[in-house]
Amino acid sequence: VGQLVADEEKVFLARQPGSTETIARAREHLAGGATSNWQIAQPQAVWMSHGAGSKVYDVDGTEYVDMHGGYGASIAGHAHPAIVEAVSRQVRRGTHFAQPTEDAIWIAGELARRFGLPLWRFANSGTEATMDAVHLARAATERDLIIKVEGCYHGHHDSVEVSVLPEADEVGPRDHPIGVPGNSGIPAAIRDLVIVVPFNDPEAVARALAEHRGQVAAMILEPVMMNAGIIPPDDGYLAAIRDMLHAEGALLIFDEVKTGFTTGPGGATAITGVVPDMICLAKALGGGIAVAAIGGTTEVMSLIADGRYEQVGTFNGNPLAMAATRATLSEVLTPAAYERMTRLAARLRDSLDATIAQYGYGWHVVSVGSKGCVTFKREPVREFRDFLTIDDRLGHLHWLMQHNGGVFLPPWGKVEQWLLSVQHDEDDVDRFARNFARLAEAVAG
Ligand code: PMP
């Protein structure tokens, strides 16, 4: 596998002289030569030119089926006519007032209908949404501690940058995981307000609540983990933790930044029927424009309504973002679009399963709605510590072989997933399946 990785990295670099040259120029004034550290793929960042439909094109003019989906945001595909029209119309009518516009009312109503929570506010990124949710929980309960699941990512603010992707030698005992800072610059005093628990283990939540009685404001989690491949919740897990938290006067926050809209029209909330106290949305919500939303119960959101918690932001409810969001919800993410994505996902899953069976690898295709990944491990993965034991090299090799075969996946190997958009078709998923078959054959040696 090591040799295959080295060979594919060589091919990768040879295909992208334009990116190599651009990175060299970018480095002069752009720190690290990219606009986010997570754009720096291995062996190098891929600089983009444009996108159309289900395809993206890099600065060398190479076409890819886009299954990166901009880290899960591009569910509309690229230049979707409904979004082009809505955004163009709004650009001509002014793009920013910092005062609310009519579209916000329609969108809040639609989110209430889809997710079952009555009151909503807007922000600009997933990070802002989870930051507001954590603040609101602390304000509502007048408590400071947060329970967080090991391996979940909730954005880059201090309160949640704990035990996001810790190494195996850092995590500590499973019944009392160590809170490992997920970045430099996180004050220890804030890290110490976070209690880390394993996913899919209601007993661990019960223990955390008992050990910190009367001090826990909320538990935040991705209802389907999607920053460690994909790890679905066991039946009954989400309902069990909701009931335990409520019995102790604490709140439940679903971070549906990745799962909202990609798993289905009302995210994991609608699929599981477990409605939390707060839901965070971003990514796919804006159809490719930066926007986020936070929804809550009447009780929690009353803190915003009466000013006890000031949910604020210059660009909150920005009219351009609202126009794109309304078009996404009303014209892009329709029942017919979900049916189409479901059919494509099944076609892809069947092809991959057939290849895996042919070689007897025992790997798992995990797909939920338009999101999916291959877990390169025989044993099922139920929590982050299982995920840690997956061979990193296979995920990286997969990314390279898909890329060199004309399919753009998110760069981070086993951590990330593919996303199908409403504009993908059978040829697109078949190209993915062919690349995967090539990987299976190459690994068999
Ligand atoms: N929550 C989850 C579950 C995410 O996956 C991400 C981003 N990958 C975020 C929050 C943060 O979103 P953003 O990058 O828009 O701040």
Side-chain angles (χ1 to χ4, degrees), residues 35 48-58 63-97 100-111 113-115 120 122-126 128-129 256-267 280-293 315-342 344-345 369-371 408 410 418-425 428:
T35 56
M48 303 310 290
S49 160
H50 64 287
S54 63
K55 309 291 192 306
V56 287
Y57 300 83
D58 68 16
E63 178 203 271
Y64 305 88
V65 171
D66 182 19
M67 300 210 357
H68 181 322
Y71 283 130
S74 307
I75 198 165
H78 300 283
H80 189 290
I83 293 179
V84 170
E85 162 61 24
V87 169
S88 305
R89 197 182 333 118
Q90 190 59 47
V91 164
R92 287 192 293 270
R93 291 170 52 80
T95 59
H96 185 65
F97 315 118
T101 54
E102 183 78 24
D103 284 342
I105 300 174
W106 185 89
I107 297 164
E110 176 66 5
L111 294 178
R113 187 184 72 78
R114 288 182 183 234
F115 289 88
W120 292 81
F122 300 106
N124 306 284
S125 68
E128 285 184 34
E256 291 233 43
V257 167
K258 265 190 165 171
T259 52
F261 310 109
T262 61
T263 56
C280 305
L281 299 171
K283 294 203 194 257
L285 174 64
I289 301 265
V291 71
F315 281 93
N316 286 8
N318 169 266
L320 192 64
M322 292 292 99
T325 300
R326 184 169 183 166
T328 302
L329 295 178
S330 62
E331 296 175 67
V332 178
L333 296 180
T334 58
Y338 279 105
E339 271 171 37
R340 181 188 159 93
M341 289 190 289
T342 303
L344 278 185
S370 54
K371 283 268 191 181
F408 209 129
W418 69 67
L419 175 69
L420 295 170
S421 81
V422 302
Q423 298 196 65
H424 280 74
D425 62 19
D428 294 329

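Keep in mind it's a predicted model, so treat the numbers as computed, not measured.
Evaluation of the side-chain contact (heavy atoms from CB on, under 4.5 Å) rule for Ser125 yields Thr127, Glu128 as partners, not counting sequence neighbours. In this structure Ala73 satisfies the side-chain contact (heavy atoms from CB on, under 4.5 Å) test together with Lys283, sequence neighbours excluded. In this view, His96 and Ala98, Thr314, Phe315, Asn318 satisfy the side-chain contact (heavy atoms from CB on, under 4.5 Å) rule, not counting sequence neighbours. Taking Arg326 as the reference, Asp103 meet the side-chain hydrogen bond (donor to acceptor under 3.5 Å, both in side chains) condition, with sequence neighbours excluded. Not counting sequence neighbours, the partners of Ala337 by the side-chain contact (heavy atoms from CB on, under 4.5 Å) test are Thr334, Val422. With sequence neighbours left out, Glu110 forms a salt bridge (Lys or Arg N to Asp or Glu O under 4.0 Å) with Arg113, Arg114. Residues satisfying the side-chain hydrogen bond (donor to acceptor under 3.5 Å, both in side chains) test with Asp428, not counting sequence neighbours, are Ser54, Lys55. Here Tyr57 pairs with His50 under the ring-ring contact (aromatic ring centres under 6.0 Å, His included) rule; sequence neighbours left out. For the side-chain hydrogen bond (donor to acceptor under 3.5 Å, both in side chains) test, residues two or more places apart in sequence or in another chain that qualify with Thr35 are Gln39. With sequence neighbours excluded, the residues forming a side-chain hydrogen bond (donor to acceptor under 3.5 Å, both in side chains) with Tyr71 are Trp412, listed by chain and number. Contacts of Phe122 classified as ring-ring contact (aromatic ring centres under 6.0 Å, His included), with partners at least two apart in sequence or in another chain: none.
In this structure a side-chain-to-backbone donor-acceptor pair under 3.5 Å is present from Thr328 to Ala324. Side chain of Tyr338 to backbone of Ser370: no donor-acceptor contact under 3.5 angstrom is found. Checking side-chain atoms of Gln423 against main-chain N and O of Ala76 turns up a donor-acceptor pair under 3.5 Å.
Across every non-hydrogen atom of Ser74 and Ser421, the tightest pair is O-CB, 3.5 Å. Heavy atoms only, all atoms of each residue included: Trp120 and Ala293 are closest at CE3-CB, 4.0 Å.
The line from CD1 of Ile107 to CG of Leu281 is 11.5 Å long, rounded to the nearest 0.5 Å.
In this structure the side chain of Leu419 never reaches within 4.5 angstrom of the side chain of Met67, judged on heavy atoms. A heavy-atom distance below 4.5 Å is found between the side chains of Leu320 and Val91.
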Under 3.5 Å, which donor-acceptor pairs do the side chains of residues 78-86 form with other protein atoms, sequence neighbours left out?
{"from": "His78", "atom 1": "NE2", "to": "Asp66", "atom 2": "OD2", "distance (Å)": "2.7"}
{"from": "His80", "atom 1": "ND1", "to": "Ala82", "atom 2": "N", "distance (Å)": "3.1"}
{"from": "Glu85", "atom 1": "OE2", "to": "Arg89", "atom 2": "NE", "distance (Å)": "3.4"}

**side-chain contact (heavy atoms from CB on, under 4.5 Å) between Thr263 and Lys258, worked out** = CA-CA 9 Å; Thr263 56; Lys258 265 190 165 171; over 6 Å; no
**Request:** Evaluate the criterion side-chain contact (heavy atoms from CB on, under 4.5 Å) for residue pair Val291 and Asn124; output intermediate values, then yes/no.
**Result:** CA-CA 4 Å; Val291 71; Asn124 306 284; over 6 Å; no
**Asked** Please walk me through it: do Leu329 and Leu285 pass side-chain contact (heavy atoms from CB on, under 4.5 Å)?
**Response** CA-CA 8 Å; Leu329 295 178; Leu285 174 64; 4.3 Å; yes
**Request:** For His68 and Val56, run side-chain contact (heavy atoms from CB on, under 4.5 Å): C-alpha distance rounded to whole Å, both residues' side-chain angles, the deciding distance at 0.1 Å, then the answer.
**Result:** CA-CA 10 Å; His68 181 322; Val56 287; over 6 Å; no
